[in-house]
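Computed from heavy atoms alone, side chains included, the values below leave out hydrogens, waters and symmetry copies.
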Amino acid sequence: MSLVSIKDVRKSFGSVEVLKGVSIEVGRGDVVAIIGKSGSGKSTLLRCINGLETYDAGCISVDGIDVGKTRGNLRDLRRNVGMVFQQFNLFPHLTAAENVMLAPKVVNRESAHITKALAKETLAKVGLSDKADSYPSQLSGGQQQRVAIARALAMRPNVLLCDEITSALDPELVSEVLRVVERLASDGMTLILVTHEMRFARDVGTKLVFMHQGKVHEEGPPKPLFASPGTPELAQFIGMQH
Amino acid sequence: MNDFSFWVILSNLLLATRWTVLLSLVAFVCGGAVGLALLFARVSKIRWLDTATRAYIEFFQGTPLLMQLFLFFFGVALLGIEVSPWLAASLALTFWTSAFLAEIWRGCVESLPKGQWEAAETLALSYIEQMRYVILPQALRIAIPPTVGFSVQVIKGTALASIIGFVDLTKAGTMLNNATFRPFLVYSLVALIYFALCYPLSWYAHRLERQFNVAR
């Protein structure tokens, strides 16, 4: 059974329809890379999965929990769905460890003992054990993004959504973040990534989704699709990237 | 002639200053508490709550404080409830203060990047938890200088309470003037005392603002 099921989802901003009936099934352990031009609706789709954005029609469910069309009680859903943003969005008044511990402490009411262990474990996983007491402003972009990943992991989500997480980084910092994501993928974490990193999508992804004008234009295993795109739009898009 | 020496005038004014300070404190503390509640209502995404709060704020910001004092003092009396000048002044100043503080603080909250809300929301924090752990700690830092600055307005605002018979610094000045017929001396002293109360606050607000700008 799919972990994340997106069925015929539609969404308009005013008179502009950005999602025109999108369906995607994501299985446990899948690494889904969503690619496409800006304005193709990929970020909006991602934000619909954890209810940051509402949608107008269709249905989305994660691990059997329905993501309603209205902003209802999404607490249970969001405990299971982590998200990492393009702009990191770390809490600047908290240290790296405090950023990681906040949600386990407040939402899951874990003891200080457990949250400390969680912070240690997740920061180690992203290679930042020595930065636990640093504030975000003292960290590089790449380090901040890795803390953001650790923060999401601390809630032990079933699926992690990554919204262009390397787009705001200096080129030399991209690879340290991608390495962390790659390790998560090999550990079996279910990932849905909106990305512009084509090589990463091809090498690490188990499924490629190409979005075009608010629809899934093409989808399938990444390597064959990259080698021989089925549509001129994908061919052109991949060509553009190189 | 008159047996009011300079020192008698001054000491009487200083005694009345206690009430000005007390009224200012009550207005500021209670107004702050109500203002915080208004802030929560104002930035919540519940439409009717936002609309109701906005109407409240518009009313208290858009009418003179003096009219509000009259409404509380005479209006409530119409309902058959006896209101002392002290209670009417406290209520009117509390509501007036809350309306301004809520708007000052809303500006501070809204100056934070939207991503802060989204990150907190994504981590499954409830609205109250988002405010408590993520938004307010950051907004507070920005809010302190303008809040301290506004406390000066509150102190000066209490002077109007003298009109409904509350014996504060201004009222004491009026009474002393009636007894001594030395308006220039009396009101100069009154003004000096107000200045002595307000200036340290505005100086402190400026200092905090500079500190904050440097820290950024």
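Ring pair B:F72/B:F95: centre-to-centre distance below 6.0 Å. Here B:F60 and B:W96 keep their ring centres 6.0 angstrom or further from each other.
Checked options A:I49, A:D63, A:I65, A:I60; the residue passing with A:L77 is A:I65 (criterion: side chain to side chain contact (heavy atoms under 4.5 Å, CB included)).
For B:E118, the parts lying under 4.5 angstrom from a heavy atom of chain A are both the backbone and the side chain.
Counting only N and O atoms by type, the side chains of A:S5 and A:E25 include a donor and acceptor under 3.5 Å apart.
In summary, B:E129 and A:K105 do not engage in a salt bridge, as defined by a charged side-chain N under 4.0 Å from a carboxylate O.
Top candidate by heavy-atom pairs under 4.5 Å with chain B, chosen from A:V81, A:L90, A:V84, is A:L90. Contact count against chain B (heavy-atom pairs under 4.5 Å) is highest for A:R47 among A:Q87, A:R47, A:M155, A:R79.
A cation-pi arrangement is present between A:R151 and A:F91 under the rule of less than 6.0 angstrom and at most 45 degrees off the ring axis.
Below 4.5 Å, heavy atoms of chain A meet no heavy atom from residues 15-27 of chain B.
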Should B:W48 and B:I46 be marked as a side-chain contact (heavy atoms from CB on, under 4.5 Å) after you check the CA-CA gap, both sets of side-chain angles, and the distance that decides it? CA-CA 6 Å; B:W48 67 266; B:I46 306 164; 3.4 Å; yes

